[in-house]
S.K.: 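Following this message is one structure expressed as structure tokens.
By convention in this document, chain letters (A, B, ...) are assigned in the order of the sequence lines, proteins followed by strands, and residues within each chain are numbered from 1.
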Number of protein chains: 2
Amino acid sequence: MTTMSNRYQPETTKNRPTMRHVAALAGVGIKTVSRVMNDEPGVSEATRQRVLGASQQLNYQLDMAAGSLRRAGRQTLSIGLLLPSVSNPFSGEIHRALEDALTARGIAVFAASLDDDPEREKALVAAFLGRRVDGLVLTPIAKSQSYVIPEHSRDLPMVFIDREPVGIEADAVVTDNAVGAARAAAHLIARGHTKLAYLGDRTDIQTARERRRGFIEELGRAGIPTSVVPVREGLHDEESARKAAVELLSSEDPPTAIFSSQNLVTFGVMRALKELGVSRKVALVGFDDFTLADMMDPGITVIAQHPERIGKLAAGRLLARIDGDYSAPTTYVVPTELIERGSGELRPAR
Amino acid sequence: MTTMSNRYQPETTKNRPTMRHVAALAGVGIKTVSRVMNDEPGVSEATRQRVLGASQQLNYQLDMAAGSLRRAGRQTLSIGLLLPSVSNPFSGEIHRALEDALTARGIAVFAASLDDDPEREKALVAAFLGRRVDGLVLTPIAKSQSYVIPEHSRDLPMVFIDREPVGIEADAVVTDNAVGAARAAAHLIARGHTKLAYLGDRTDIQTARERRRGFIEELGRAGIPTSVVPVREGLHDEESARKAAVELLSSEDPPTAIFSSQNLVTFGVMRALKELGVSRKVALVGFDDFTLADMMDPGITVIAQHPERIGKLAAGRLLARIDGDYSAPTTYVVPTELIERGSGELRPAR
DNA sequence: CTGGTGCCTGACAACGATGTCATGCATCAT
DNA sequence: ATGATGCATGACATCGTTGTCAGGCACCAG
């Protein structure tokens, strides 16, 4: 019987109410509803209240996707964030700092993990782009980021974090890896060490290479022959690092100090030192801080990064680009901090 | 002169190419482009190749938001995830497990932190809803989640994690808090302890209350008068936990075993024990596992939760709901695991 | 009373895509 | 030759919203 009568009564249906439903209930045009929902001027207070009432009654909510389809500038108020892994504490800190800066502006964050997989990097970026994000914050892992050049030249805001991109000129926020590693070396040398060893991550990771470079160069500056310095690389997990450290420490001329380029490697070295009973004899400085480092015995001296600063800076750059900053791309370098806790202050046994 | 001629040449403009651009370049209708982009049948191979070529030349990418506006079911292939904090390792693990299950289906994840703020919970849920997510995974913190009833009754897939929702019947995936805490108590009692203490988080947190209940009830079952058991609550950070523990241990009749209900509390207790030099005298079992727990001296015995299982289960439920499972809401309980590392196996000093 | 000035308001097209449906063409059986 | 069949294709309406623009009404000055 009633063909049209209840067409706009979403309470009965399972469908979300739209502006038309609200407009019908309030007895106004949909454009007026749009004006009220967007706090635009030009609506009488009486009408405003009626619309607000109807919208609450129907539990109406603006569809941002539909809106941004038509709206000038087409912003979706969402950005894509690509991290090594969302379960990595370092990434988590960056994520959090970014989020804080962006939610203040009503921007939501798509987060995804790339697991050192270059293919995944491209696929996830494509997934973000398909969702029309207003910007990207990426930890690059693929050999080149030139695949995003088309988007970048269309002025899609884009900031790379932790590692600098290759094949594209874009903003980046990175840790001062080389300087941090050099500081670790200098710290150990100043404590009398001459037999230092470097234990590092896979060499295809830019930051790992930078850390090695900084460490080795500092040894060179101190006059230590760098060609004989033990360098063990390709360590990507705790166990391989532990083995490498045990091997090194059991050699005939073991190092008196170790620098580990990354958390998991540091953990592996700590295990090796404990296993061999030399935690208080062999010095250790690790790159990157970690929870409970001060509770170890001895406390672990580290070169601390500042993920929250990286996140905050990246968010700032991204927002500036979103707001129309067209200045030349820049790389921002966040300094590290050496935190003394004991393990790095051990002196070489005579 | 040429008014329309270069209207569809996005290479020259800063605008994203649309289907019309691709269609114009390939010399076909936009519906054909749509068919090709969506792998729909009914397109000759020759046409297909031509469209694919044009789309690659223009670097075209489907606009999912526009598509889902019209598409049946209106799926956006994105979900909202609300966590205590994205920088919290426990949350990170859940996030990661969820992501893995969802990206396999092409679903992207909006992640946000709520920082124990009930207002933020509502605001963030609203932000997700405005973006037309296909589902929600929420860690409830507000007193009641009845505010999402409208969405829930519109069949928006929704799974609560870590804590059960209040004021709404919906799927939930939680840790077996009471049983885990009881197991900790039983473990300590079996080692001869009769003077146990409980150090816990804020009592407005459901999981904290459950853990206390489980712990205390187990003491009761063992015949220990529960009214005199020291219970210190409202500890939300390391420092307050440390102070509480020092105070407790310095009292005239100190406990011989401590159960801490949460990581930060465990850390605080560890500090207190170390400070007072009783790490090897007072037993400790902490709820929730943490990195390097086995590297402490002694290793810290914990009731481990399984965040990855929670995430995986939650993802499974969400996908099932998205796929049209209309069965009654259920609460899934993930069991805990006691991991012996030393601190929980210490016996009371005679 | 008339014309001008604002303020509210809604009709309509458009955003970029997909669902529906009609059309054209080649192929095939009769 | 004729009608039926099936495939490939595109015109058009539509999704929920916003930009544009024109119309209506009240109010004021002359």
S.K.: Taking the side chain of A:R132 as heavy atoms from C-beta outward, which of C:dA17, D:dA8, C:dC8 is closest to it?
M.R.: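 When the side chain of A:R132 is considered, C:dA17 is the closest of C:dA17, D:dA8, C:dC8.
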S.K.: Under 4.0 Å between a Lys/Arg side-chain N and an Asp/Glu carboxylate O for A:E45 and A:R48?
M.R.: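 Answer for the salt bridge query: yes.
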S.K.: Could you give the NE2-to-C1' distance, from B:H21 to C:dA17, as a whole number of Å?
M.R.: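 That distance rounds to 14 Å.
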S.K.: How many Å lie between CD on B:Q75 and P on C:dT18, as a whole number?
M.R.: 14 Å
S.K.: Under 4.0 Å between a side-chain nitrogen and a carboxylate oxygen: does that hold for B:E99 and A:R120?
M.R.: yes
S.K.: For B:R74 and D:dT17, give me the distance from atom CZ to atom C1', rounded to whole Å.
M.R.: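 In whole Å, D:dT17 C1' and B:R74 CZ are 11 Å from each other.
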S.K.: What pairs with B:E119 under side chain to side chain contact (heavy atoms under 4.5 Å, CB included), at least two apart in sequence or on another chain?
M.R.: B:D117, B:K122
S.K.: D:dT9, OP1 or OP2 - any side-chain N/O from B:T32 closer than 4.0 Å?
M.R.: no
S.K.: Show me the pairs that pass side-chain hydrogen bond (donor to acceptor under 3.5 Å, both in side chains) and involve residues 312-322 of chain A, at least two apart or across chains.
M.R.: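 Pairs touching residues 312-322 of chain A that pass the test: A:D171-A:R321, A:R317-A:D325, A:R317-A:Y332.
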S.K.: Tell me, with the steps shown, if B:S55 and B:V22 meet side chain to side chain contact (heavy atoms under 4.5 Å, CB included).
M.R.: CA-CA 6 Å; B:S55 110; B:V22 178; 4.0 Å; yes
S.K.: What is the separation between atom CZ on B:R20 and atom P on C:dA17, rounded to the nearest whole Å?
M.R.: 9 Å
S.K.: Does a nitrogen or oxygen in the side chain of B:S44 sit under 4.0 Å from OP1 or OP2 of D:dT9?
M.R.: yes
S.K.: Please report, rounded to the nearest Å, how far the P atom of C:dT18 is from the CE atom of B:M64.
M.R.: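 Rounded to whole Å, this separation is 11 Å.
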S.K.: Going by side-chain hydrogen bond (donor to acceptor under 3.5 Å, both in side chains), name the residues that satisfy it together with A:T47, two or more places apart in sequence or in a different chain.
M.R.: A:S44
S.K.: Please report the closest heavy-atom contact between B:S85 and B:S91, naming both atoms and the distance.
M.R.: O-CB, 3.2 Å
S.K.: Among residues at least two apart in sequence or on other chains, which ones pass side chain to side chain contact (heavy atoms under 4.5 Å, CB included) with A:A65?
M.R.: A:D63, B:A65
S.K.: Give me the bend of the helix from C:dC1-D:dG30 to C:dT30-D:dA1, using the axes of the five pairs at each end, rounded to 10°.
M.R.: 60°
S.K.: Please enumerate all protein N or O atoms sitting under 3.5 Å from an N or O of nucleotides 18-28 of chain D, with distances to 0.1 Å.
M.R.:
| residue | atom | partner | partner atom | Å |
| --- | --- | --- | --- | --- |
| D:dT18 | OP1 | A:N38 | OD1 | 3.2 |
| D:dT18 | OP1 | A:N38 | ND2 | 2.7 |
| D:dT18 | OP2 | A:S34 | OG | 2.4 |
| D:dT18 | OP2 | A:N38 | ND2 | 3.2 |
| D:dT18 | O2 | A:R70 | NE | 3.4 |
| D:dG19 | N7 | A:K31 | NZ | 2.8 |

S.K.: Give a yes or no on whether a salt bridge exists between B:D134 and B:R105, defined as a side-chain N under 4.0 angstrom from a carboxylate O.
M.R.: no
S.K.: Whole Å only: how far is the CG atom of A:L77 from the P atom of D:dT17?
M.R.: 15 Å
